[in-house]
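Comments concern the structure below.
Remember, it's a predicted structure, so these values are computed and weren't measured experimentally. Lettering follows sequence order; numbering is per chain, from 1.
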Amino acid sequence: MRVDYRIERPVALAASFEVEGFTVLLGASGEGKTLLLRAIAGLLPARGKPFDGLPPQRRAVGYLPQGHALFPHLNAWQNVAFALRGADRRRQAVEWLDRVGLAALAERRPAQLSGGQQQRVALARALARQPRLLLLDEPTSALDPATRDDVLAELIAEVHAAGIPALAVSHDPALAAVADRLVVMHDRRIVQAGTPAALHARPANGAVARLLGHRNVHRGRLLGKPDAQRLLWPDAKMAVPVATGLPDDTVVDWHIAPEAIELHEACAAGATDTDGLVAATVEVRQAGEHGGYVGLRCGQARLWAKSPSSHVTADDVRLRLPPLAIRCWPRD
Amino acid sequence: MRPRLTTFAAALALLLLAAPFAGLAIATDWRHPGFAHGDGGAVAVSLGLSLVALLLIVALGTPLAWWLARHRVRGQWLIDALLLLSLLTPPLAMGLLLATMYGPYGPAGQLLERAGLLLTNSAPAFVMAQFYAALPYYVLAARAAFEGVPRELEQIALTLGHSPARSFFHVSLPLAKLGLAAAVALAWVRALGEFGVVLIVAYYPQGIPVKLWVNLQDIGLSAVYPLLWVFFLVALPLPLALGLAVRRRLA
């Protein structure tokens, strides 16, 4: 489904993109993502397709705002039944709750449900309305970190099972990673769209890379012609060799994957080629399921590097940033 | 404040509140209650006409309160000032203003009288006096009640296919219920106990507050107490029950 909306107030915003399966609109806070959802739901004066000009009650959308907005004076099944008509409402409502695995909690009030359960009741209520489009506002924001991956997987499975296109707006890279399709918004316009894999492989610019959760995205300036180019990194007050096709003096956002950074303990730095070796201090050591990372202070800036298999004990280290591992995007 | 000091202050406040009623209990001649002529009629007038006034206040005040809670317009302060003005005006002065406007020589009064509605010393005048005395209190309390309803829930009701009217009756109203109950109780107490406004525009028919005054003038204090007891008996149940319901729900 094609979404094409233009908002004038309270901020000017235009967005046009395709919603397929579970689509995530990724953008920083303050981009107007919630406004866009509210505009599509008809809760904000705006023009655009689908549903142009219809009052909210005649738009076939299932809107799940942040915090889920369950009616506190109604229990779970009554919340779902709110979207239904007719004498058979109760049975249908319990059926919808059953689909999201909550039939046993049909008599509970929203306050007696966990965040994830509330979200599923809200989803059941939105689906019961038989929408043509689901709208989800920051669906991961209220979830408990320990269970959120499972809750998220369940949410997406339910959206797929319902067969209704869903548009989730978020600034959460973890949600973006599990989308069928990803649309990235920056400076109130769409800057890139595609599958998460394609976007992770080739972010269109530094802002997209940051939103995708890439670490080590910094500003810099290129010095010299493409064949003998250096990247000046003002925050760290240093320059490293780099290989790009961009002209001299281009202001860039640049990125290097933590895995690509070579880490040397300072005392062992007897290498003959000292060019491009960066002095850094270990600020934090991060242990995780997929190996460790270290947060390194370089001047005013921070770089994250994958910990080598041998544990880094020294606090002062030297880094090598392989020129081919550095990706540069010219800034507009 | 130290806990013991708080308890002492609270007990003192309660004691002060109770003092006049203790006085009433002592002063009442329990063996010979001695109702004055017309006391029964005053009770009927007060109860019946206050109920009518209360219905009017709720019917007209609720939409206004909801509108005020949900809309911001330019010159909003004028509306706020108008509500405050109605609260602020001394009851006697409000009675005089009503007489000026709706009395036999008032611009609205003359028009309405031609239409058959006499707003001086009549049942409609009595209701009008109570309406003016209690409406601003009801509107302010009801507005606060509606302001406590998250707007998002009303909007969600719309996205679920309900009309604004259904959204109001099924979401806004139930969620504002407790605050509205308090507002109704407040309006009832204000309307029933009103003396100043009623005295000017509706000396007749006599409700309890005016009859208390008349009994005092004609007979003396002993004729005030029995009617006052009856007043408490008929006036208290509604706000007390509403208040208890609110407290139970909050607990």
> For the residue pair A/F82 and B/H170, does the interplanar ring angle fall in the parallel (under 30°), tilted (30 to 60°) or perpendicular (over 60°) class?
Replying inline: perpendicular
> Which heavy atom in B/T159 sits nearest to a heavy atom in A/R129, and how many Å separate them?
Replying inline: O-NE, 2.6 Å
> Taking all atoms of both residues into account, what is the closest heavy-atom pair of B/I156 and A/Y63, and its distance?
Replying inline: CD1-O, 3.6 Å
> Would you say A/H171 has more than 12 foreign heavy atoms packed within less than 6.0 Å of its NE2?
Replying inline: no
>> Tell me whether the count of non-hydrogen atoms from other residues, nucleotides or ligands lying under 6.0 Å of CZ in A/R9 goes above 12.
In response: no
>> Is a donor from one side chain sitting under 3.5 angstrom from an acceptor on the other, for B/Q155 and A/R38?
In response: yes
>> Let's test your reading of the structure: which of A/P131, A/A69, A/A126, A/A128 forms the most heavy-atom pairs below 4.5 Å with chain B?
In response: A/A69
> With only heavy atoms counted, which part of A/R85 is less than 4.5 Å from chain B, the side chain, the backbone, both or neither?
Replying inline: side chain
>> Less than 4.5 Å to any heavy atom of chain B: does that hold for the side chain of A/Q130, its backbone, both, or neither?
In response: neither
> Which pair of heavy atoms, one from A/P65 and one from B/E152, lies closest together, and at what distance?
Replying inline: CB-OE2, 3.0 Å
> Counting heavy atoms not belonging to B/F169, are there more than 12 under 6.0 Å from its CZ?
Replying inline: no
>> Is the shortest side-chain heavy-atom distance between B/P174 and A/L74 below 4.5 Å?
In response: no
>> How long is the straight-line distance from CG of A/L84 back to CG of B/L160, given to the nearest 0.5 Å?
In response: 9.5 Å
> Minimum heavy-atom separation for A/P72 to B/L153, with atom names?
Replying inline: CD-CD1, 3.6 Å
